[in-house]
Amino acid sequence: MKILIVNGPNLNLLGRREPGIYGSTDFESYLSALRQRYADVEIDYFQSNSEGRLIDCLQEHGFSVDGIVLNAGAYTHTSVALCDCIRAITSPVIEVHISNVHQREEFRHHSMISSACKGVICGFGLDSYRLAIEAIINAAND
């Protein structure tokens, strides 16, 4: 099984960026723990602050991986292009958010990509990624 995790803008700053919201663990450390936990799953990772690079990555891998865990960051709330891309690929996409976006600013309450995703997980900190991986694994085993 192969799963791709894709992180959008500013998520390269996890561990340093607003630790009260996003925690104090950097993503590379968390990714290492995920890879150990799911040793039988190939977990690839991509991060970009550029919307176009995120779309390129999804198009490149979205027909060959078993699932994609996508935290589009702020592009969640603005990107019709990401939504169109998710609809165009065949790999299931799980939208994730570290914080509970519905407890935050009003503009974060609407997602432009949710309607194209298989599911949405938010508010469980970095554990949101693990929950998305579990969902992909469970769907593949059904």
Do any side-chain atoms of residues 115-127 form donor-acceptor pairs under 3.5 angstrom with protein atoms, and if so which ones, sequence neighbours left out?
from   : atom 1 : to     : atom 2 : distance (Å)
Ser115 : OG     : Arg87  : NH2    : 2.7
Asp127 : OD1    : Arg130 : NE     : 2.7
Asp127 : OD2    : Arg130 : NH2    : 3.0

So if you build clusters from Ile, Leu, Val, Met, Phe, Trp, Tyr with side-chain heavy-atom gaps below 4.5 Å, do [X] and [Y] land together?
{"X": "Leu4", "Y": "Tyr38", "result": "no"}
{"X": "Val41", "Y": "Tyr30", "result": "yes"}
{"X": "Ile43", "Y": "Val96", "result": "yes"}
{"X": "Met1", "Y": "Leu31", "result": "yes"}

- prompt: So do Leu131 and Ile94 actually touch side chain to side chain, heavy atoms under 4.5 Å?
  reply: no
Rounded at 0.5 Å granularity, tell me how far [atom1] in [X] sits from [atom2] in [Y].
{"X": "Tyr45", "Y": "Ser32", "atom1": "OH", "atom2": "OG", "answer": "13.5 Å"}
{"X": "Leu70", "Y": "Thr76", "atom1": "CG", "atom2": "OG1", "answer": "6.5 Å"}
{"X": "His77", "Y": "Ile113", "atom1": "NE2", "atom2": "CD1", "answer": "8.5 Å"}
{"X": "Ser29", "Y": "Leu34", "atom1": "OG", "atom2": "CG", "answer": "11.0 Å"}
{"X": "Thr25", "Y": "Leu14", "atom1": "OG1", "atom2": "CG", "answer": "9.0 Å"}
{"X": "Ser114", "Y": "Ile86", "atom1": "OG", "atom2": "CD1", "answer": "8.5 Å"}

query: Step by step, would you call Arg16 with Leu13 a side-chain contact (heavy atoms from CB on, under 4.5 Å)?
result: CA-CA 6 Å; Arg16 297 181 286 161; Leu13 298 177; 3.4 Å; yes
Do the side-chain N and O atoms of [X] and [Y] include a donor-acceptor pair separated by under 3.5 angstrom?
{"X": "Glu95", "Y": "Ser111", "answer": "yes"}
{"X": "Glu134", "Y": "Tyr129", "answer": "no"}
{"X": "Gln47", "Y": "Asn49", "answer": "yes"}

message: The test is side-chain contact (heavy atoms from CB on, under 4.5 Å); show your working for Val6 and Val93 and say whether it passes.
response: CA-CA 10 Å; Val6 178; Val93 177; over 6 Å; no
Which side-chain N or O atoms in residues 52-69 pair as donor and acceptor under 3.5 Å with protein atoms at least two apart or in another chain?
from  : atom 1 : to    : atom 2 : distance (Å)
Ser64 : OG     : His61 : O      : 3.3
Asp66 : OD2    : Lys2  : N      : 2.7

message: For a quick test of reading the model, state the closest non-hydrogen atom pair linking Ala72 to Pro9 and the distance between them.
response: O-CD, 3.4 Å
task: Given side-chain contact (heavy atoms from CB on, under 4.5 Å), test Asn7 with Phe27 step by step and report yes or no.
output: CA-CA 10 Å; Asn7 274 344; Phe27 196 77; 3.8 Å; yes
message: Which residues pass the side chain to side chain donor-acceptor pair (under 3.5 Å) test with Glu42, not counting sequence neighbours?
response: none
